Asker: 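Below is a structure I'd like to ask you about.
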There are 2 protein chains.
Amino acid sequence: MTILRSPAGIPDATVARLPLYLRALDELAASGTDVCSSEHLATAAGVNSAIVRKDLSHLGSYGTRGVGYDVRFLAGHIATVVGQTQPWPVVIVGAGHLGSALAAYQGFGARGVKVAAVVDADPALVGTVVGGHEVRSIDALTDVIEYGEVSLAIISTPPAAAQSVADALVAAGITSILNFAPTALQVPPHVDLRQVDVAAELQILGYHAHHRRQADPAEEAVLS
Amino acid sequence: MTILRSPAGIPDATVARLPLYLRALDELAASGTDVCSSEHLATAAGVNSAIVRKDLSHLGSYGTRGVGYDVRFLAGHIATVVGQTQPWPVVIVGAGHLGSALAAYQGFGARGVKVAAVVDADPALVGTVVGGHEVRSIDALTDVIEYGEVSLAIISTPPAAAQSVADALVAAGITSILNFAPTALQVPPHVDLRQVDVAAELQILGYHAHHRRQADPAEEAVLS
DNA sequence: GAGTGTGAACACTTTCACAGCC
DNA sequence: GGCTGTGAAAGTGTTCACACTC
């Protein structure tokens, strides 16, 4: 029925890179590029060209051999695949430093994300405005989600509160959660959970730095 | 010469999980648990037990068959492997909403991260205090890094500024960068770069949500 | 009995290399 | 000639299942 074949069964690793391609293509389009090669797109997205071609082939790609990809067309196609033809409303739970920063983040609009509401448990924060959004009570969570047809949630609470927030979100019908609190959340299997742990990222960098030190005494020597 | 065998060649996937184990073990220790099984640690870290055992075996693990792992001992051992015996000083470049939130984050200390300095290019921000750190000029970057022996940097600038900041960091001797700006940074091969892209994370969640809708009409039926 | 440590099977991902098309 | 699209190969990561130890 649909003209574009619905590309089911895209590998996870590919899905995780589609947003990068989308971002890169938007940049290319903004800089006036109409057509780009896989090599070109690869550097713009920070990956290598073989992987770009493989990834795009999973979408039943629409490149032209000997030429490359039509930047706008490809961007539109990926946006469709990602389901980003209209913005996803997201609720931010926790209006502390991080939650406020996210609520104020200007870059969401261009990436298909719309902050639908910001809620917090702290009565002192309820009623204040962060990033143009009035903070509402966490008790209104269900209303906010149902009324706004929200299906994505961000948890930016202290770790101790994160699990009960997750439970409340799941109870309210949320099926996709992005958790910034450094805790392993327990959610039912039908809920899609992603984790961002800044301290963990730094520790991973630390590990590599630590091992460069004791493993590469030659590194300095190369320059001398 | 060292008593503990230096565990070289740990797989990347394992390294990426070590911080999670560390966090989980600290929580277990705080709740008075002295010994834990791989199953126990797995749920606390949000992974499965087979992977815990495999990961720990790469460290030349020190568990006891039939019993489990000594929580404190294992935590100490992983901390050593990660190089987290003393805190890593980190410089935050960009004191906007996100940079401020990171500077103010209370959880770094317990995870072996110490904010050494916060710098920004905006003269209006220089001199202000965020999270107890006085914002310094980006011109002082080299001084800050050399004086503080900083080897980790966080970029939390607008995307347009990120590449030149990265160049400056590399020039100042930084070899590990955590980039929050949504751009693909170009860095020399000896520099370790990790990327956090919140919008991309949400888009990945969006993709799955989008496909659940059109793929699982049965999901509702299961409950009815 | 309980639970680790690990080889072997499996699954997934990336890279290679080149046929096919513009 | 240049670049895509893709099988086949190589590499990496996860899961299984069970011998082994306490």
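Being a predicted model, the structure only gives us computed values, none of them experimental. In what follows, chains carry the letters A, B, and so on, assigned in the order in which the sequence lines appear, proteins first and then strands, with residues in each chain numbered from 1.
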Asker: May I have the distance from A:Arg65 (atom CZ) to C:dC18 (atom P), rounded to whole angstrom?
Answerer: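 That distance rounds to 16 Å.
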
Asker: Between the main-chain N or O of A:Gly76 and the side-chain N or O of A:Thr80, is there a donor-acceptor pair closer than 3.5 Å?
Answerer: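 Checked: pair present.
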
Asker: From the set C:dC18, C:dT15, C:dT4, return the single nucleotide nearest to any side-chain atom of A:Arg53.
Answerer: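 Between C:dC18, C:dT15, C:dT4, the one nearest the side chain of A:Arg53 would be C:dC18.
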
Asker: Between C1' on C:dA17 and CD on A:Glu39, what's the gap in Å once rounded to a whole number?
Answerer: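 Taking atom C1' of C:dA17 as the reference, CD of A:Glu39 is at 15 Å.
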
Asker: What is the distance, to the nearest angstrom, from the CD1 atom on A:Ile51 to the P atom on C:dT13?
Answerer: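 Going from CD1 in A:Ile51 over to P in C:dT13 covers 10 Å.
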
Asker: Looking at A:Gln163 and A:Ala161, would you say the former's side chain and the latter's main chain have a donor-acceptor pair under 3.5 Å?
Answerer: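 Flag not set: sc A:Gln163 to bb A:Ala161 has no pair under 3.5 Å.
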
Asker: Could you state the atom-to-atom distance from CG of B:Asp12 to P of C:dT13 in whole Å?
Answerer: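 It is 16 Å, rounded to the nearest whole Å.
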
Asker: Kindly calculate the angle separating the two end axes of the helix from C:dG1-D:dC22 to C:dC22-D:dG1, each obtained from five base pairs, and round it to 10 degrees.
Answerer: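 The angle separating the two end axes equals 10°.
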
Asker: Of A:Ala13 and A:Val67, whose nearest nucleotide on DNA chain C comes first from the 5' end?
Answerer: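 Closest to the 5' end, via its nearest nucleotide, is A:Ala13.
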
Asker: Using atom CG of B:Asn48 as one end and atom P of C:dT4 as the other, report the distance to the nearest whole Å.
Answerer: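 About 13 Å, once rounded to whole Å.
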
Asker: C:dT4 C1' sits how many Å from B:Leu59 CG, rounded?
Answerer: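 Result: 14 Å.
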
Asker: Taking only side-chain nitrogens and oxygens of A:Arg17, does any of them come within less than 4.0 Å of OP1 or OP2 of C:dT14?
Answerer: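 Yes, A:Arg17 has a side-chain N/O under 4.0 Å of OP1/OP2 on C:dT14.
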
Asker: Please compare B:Tyr69 and A:Gly66 by the position of their nearest nucleotide in DNA chain C and report the one closer to 5'.
Answerer: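 Checking each residue's closest nucleotide, the 5'-ward one belongs to B:Tyr69.
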
Asker: Donor-acceptor pair, A:Trp88 side chain versus A:Val115 backbone, under 3.5 Å?
Answerer: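 No, A:Trp88 side chain to A:Val115 backbone: no donor-acceptor pair under 3.5 Å.
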
Asker: Would you check if the side chain of A:Thr175 reaches a backbone N or O of A:Val191 as a donor-acceptor pair within less than 3.5 Å?
Answerer: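 Answer holds: no.
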
Asker: Name the orientation class of the two ring planes belonging to A:Phe73 and A:His77 (parallel below 30°, tilted from 30 to 60°, perpendicular beyond 60°).
Answerer: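 A:Phe73 vs A:His77 ring planes: parallel.
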
Asker: Closer than 4.0 angstrom, basic N to acidic O: yes or no for A:Arg23 and B:Asp197?
Answerer: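 Looking at B:Asp197 together with A:Arg23, the answer is yes, because their closest N to O distance falls below 4.0 Å.
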
Asker: Shortest non-hydrogen contact from B:Val71 to B:Leu25?
Answerer: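 Minimum heavy-atom separation between B:Val71 and B:Leu25: CG1-O, 3.4 Å.
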
Asker: So, B:Asp70 versus B:Tyr62: side-chain donor-acceptor pair below 3.5 Å or not?
Answerer: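 B:Asp70 vs B:Tyr62: no donor-acceptor pair found between side chains.
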
Asker: When you check the side-chain N and O atoms of A:Ser176 and A:Asp192, is any donor under 3.5 Å from an acceptor?
Answerer: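 No - no donor-acceptor pair under 3.5 Å links their side chains.
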
Asker: On DNA chain D, reading 5' to 3', which nucleotide is the first and which the last to sit with an atom under 4.0 Å from a heavy atom of chain B, could you check?
Answerer: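 Boundary nucleotides touching chain B, in 5' to 3' order, are D:dG13 to D:dC22.
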
